[in-house]
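Counting convention: from 1, in listed order, for ligands and their atoms alike.
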Amino acid sequence: MKPFCRDTWVEVNLDAISANVKTFRNHVPAETGIMAVVKADGYGHGSVEVGRQALESGANSLAVAMLDEAIVLREAGITAPILVLGYTPATAVEPASRLQIELTAYNADWVAEANLVLHQAGLAPVGIHIKTDTGMGRLGVRTAEELLRVVNALEESHKLAWTGIFTHFACADEPDTTHVRRQHETFQSLLQSLRSAGKNLPMIHCCNTAAAIAFPEWGYDTIRLGIGLYGLYPSPYMKDRADVALVPALSLKTKIAHVKTATNESFTVSYGATYTAQPGEQIATLPIGYADGYSRLLSNRGEVLYNGTRASIVGRVCMDQIMVRIEQCTAEVDDEIVLYGKQGEDEISLDEVAALIGTINYEVPCMLNYRIPRVYYRNGKETGVFHPITMK
Ligand SMILES: Cc1ncc(COP(=O)(O)O)cc1O
């Protein structure tokens with residue numbers, strides 16, 4: 001029995017994940033590792049399968065946004081180092097010890113509280129990466145004094161080990177490098193302040209995909225590879241630079257559920273009757289909608305691929321279905337449609353969809369939710385399916 005009952009699915013090309021890891025492997029210095037960022041369920045691609053493939057292809061560790069995401073990876077049997085990049089409440093740190101997951105810290109009081117929680121539970125020490133805020137304005141210490149306080153608190157702790165220090169860039173994907181260079185200089189100054197205080201520095205990292213592309217020499221001990229892992233560029237500017245050739249890994253496909261031909265001038269389509277089909281137009285109904293994470297902003301604007309050619313979305317995107325106009329009028333039920341990805345000589349890229357709905361390519365795959373199964377391919381063959389609705 002097929003593991004899903006609706007013919008709408010995401011295809012993830014694991015060969016693309018592998019190729020993208022190897023591209024960055026060759027782009028950054030040999031001594032720089034690769035930390036594959038698989039937060040948000042692998043940017044919508046599936047964190048377990050993408051994480052496994054990235055590690056097999058040369059990544060050294062994984063990163064996620066929250067401890068819950070790291071637990072999923074450990075429960076799937078992944079034993080590689082995992083770093084939680086976001087905030088973890090001190091009261092919630094026990095699983096990080098039990099499953100040996102590294103956490104991020106930037107506050108001496110948090111260190112003391114987390115140390116007490118682990119001490120009272122009699123658990124093993126947890127590795128901690130200190131986050132510095134050099135200009136992202138999100139999480140992290142901002143001054144050398146704060147930083148030294150956190151380092152000293154970690155050194156006094158018996159249940160937390162200082163294993164890394166990092167920062168995150170806000171504008172590394174832009175042509176004007178003023179901000180990113182200023183952030184890197186601030187980061188270097190903070191690192192130097194610790195060396196001057198006699199501290200030996202653990203793992204150092206600062207590069208996201210954009211900085212890894214533009215400043216590979218800032219790789220330090222590892223880059224944190226997110227969007228580039230999935231074959232997407234952080235910005236149009238980074239794509240135009242063409243420093244690295246990336247292969248998009250995700251496609252979104254469905255099959256026609258119903259076909260009809262407009263018979264008269266009053267043939268309106270979808271809620272609000274915002275589209276009137278001309279007599280003779282062929283309208284196909286597709287089983288995907290905004291409740292799947294396919295944006296309603298594509299109403300009367302988006303396009304899909306049928307038989308290698310474009311078909312316009314007509315009418316409003318519904319919760320579970322959309323309608324498209326088939327120009328050749330040759331469509332039949334069960335014909336395959338590509339919503340994101342390639343078909344024939346054409347491609348509907350995530351960049352194109354993101355521009356249409358006024359967002360960035362990062363958000364488009366992250367929107368695809370639990371209702372859509374992920375089907376994985378390697379060497380052109382299906383290797384597995386993960387369907388959140390029916391599988392744990
Ligand atoms: C702290 C942190 N680090 C790294 C990333 C990955 O960024 P890209 O997807 O742009 O590579 C995200 C993030 O929040």
Which residue and heavy atom of the protein sit nearest [atom], plus the separation:
{"atom": "atom 7 (O) of ligand 1", "result": "N208 CB, 3.6 Å"}
{"atom": "atom 10 (O) of ligand 1", "result": "Y362 OH, 2.7 Å"}
{"atom": "atom 6 (C) of ligand 1", "result": "Y43 OH, 3.5 Å"}
{"atom": "atom 12 (C) of ligand 1", "result": "K39 NZ, 3.5 Å"}
{"atom": "atom 8 (P) of ligand 1", "result": "I227 N, 3.6 Å"}
{"atom": "atom 11 (O) of ligand 1", "result": "T209 OG1, 2.6 Å"}
{"atom": "atom 4 (C) of ligand 1", "result": "R224 NE, 3.4 Å"}

Residue N264 excluded, over 12 heavy atoms near CG under 6.0 Å: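 Counting other residues, nucleotides and ligands, CG of N264 exceeds 12 neighbours.
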Is the count of non-hydrogen atoms from other residues, nucleotides or ligands lying under 6.0 Å from E345 atom CD greater than 12?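 No, not enclosed.
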For atom 2 (C) of ligand 1, which of H129, M136, H168 has the closest heavy atom?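 Of the listed residues, H168 has the closest heavy atom.
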Please work out whether any backbone atom (N, CA, C, O) or any side-chain heavy atom from C-beta onward of L85 is under 4.0 Å from ligand 1, and answer side chain, backbone, both or neither.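 Under 4.0 Å from ligand 1, L85 contributes side-chain atoms alone.
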Using heavy atoms and a threshold below 4.0 Å, how should the contact between R138 and ligand 1 be classified: side chain, backbone, both, or neither?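 Answer for R138: side chain.
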Considering both backbone and side-chain atoms of V37, is one of its nitrogen or oxygen atoms within less than 3.5 Å of a nitrogen or oxygen in ligand 1?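 Such a contact does not occur with ligand 1.
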Name the orientation class of the two ring planes belonging to Y87 and Y106 (parallel below 30°, tilted from 30 to 60°, perpendicular beyond 60°).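 Judged by the thresholds at 30° and 60°, the geometry between Y87 and Y106 is tilted.
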E49/R52 salt bridge by N-O under 4.0 Å criterion: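 Salt bridge flag = yes for E49 with R52.
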Can you tell me if H168 and R224 form a side-chain donor-acceptor pair at under 3.5 Å?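 Checked: H168/R224 side chains pair up, N/O donor to acceptor below 3.5 Å.
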Flag the pair W218 / R181 as yes when at least one side-chain heavy-atom distance between them is below 4.5 Å, and no otherwise.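 SC-SC contact between W218 and R181 confirmed.
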Any side-chain heavy-atom pair of E327 and R325 under 4.5 Å: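 In short, these two side chains touch, coming nearer than 4.5 Å.
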Does the separation of the ring centres of H205 and Y220 fall below 6.0 angstrom?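 They do not qualify: ring centres at least 6.0 Å apart.
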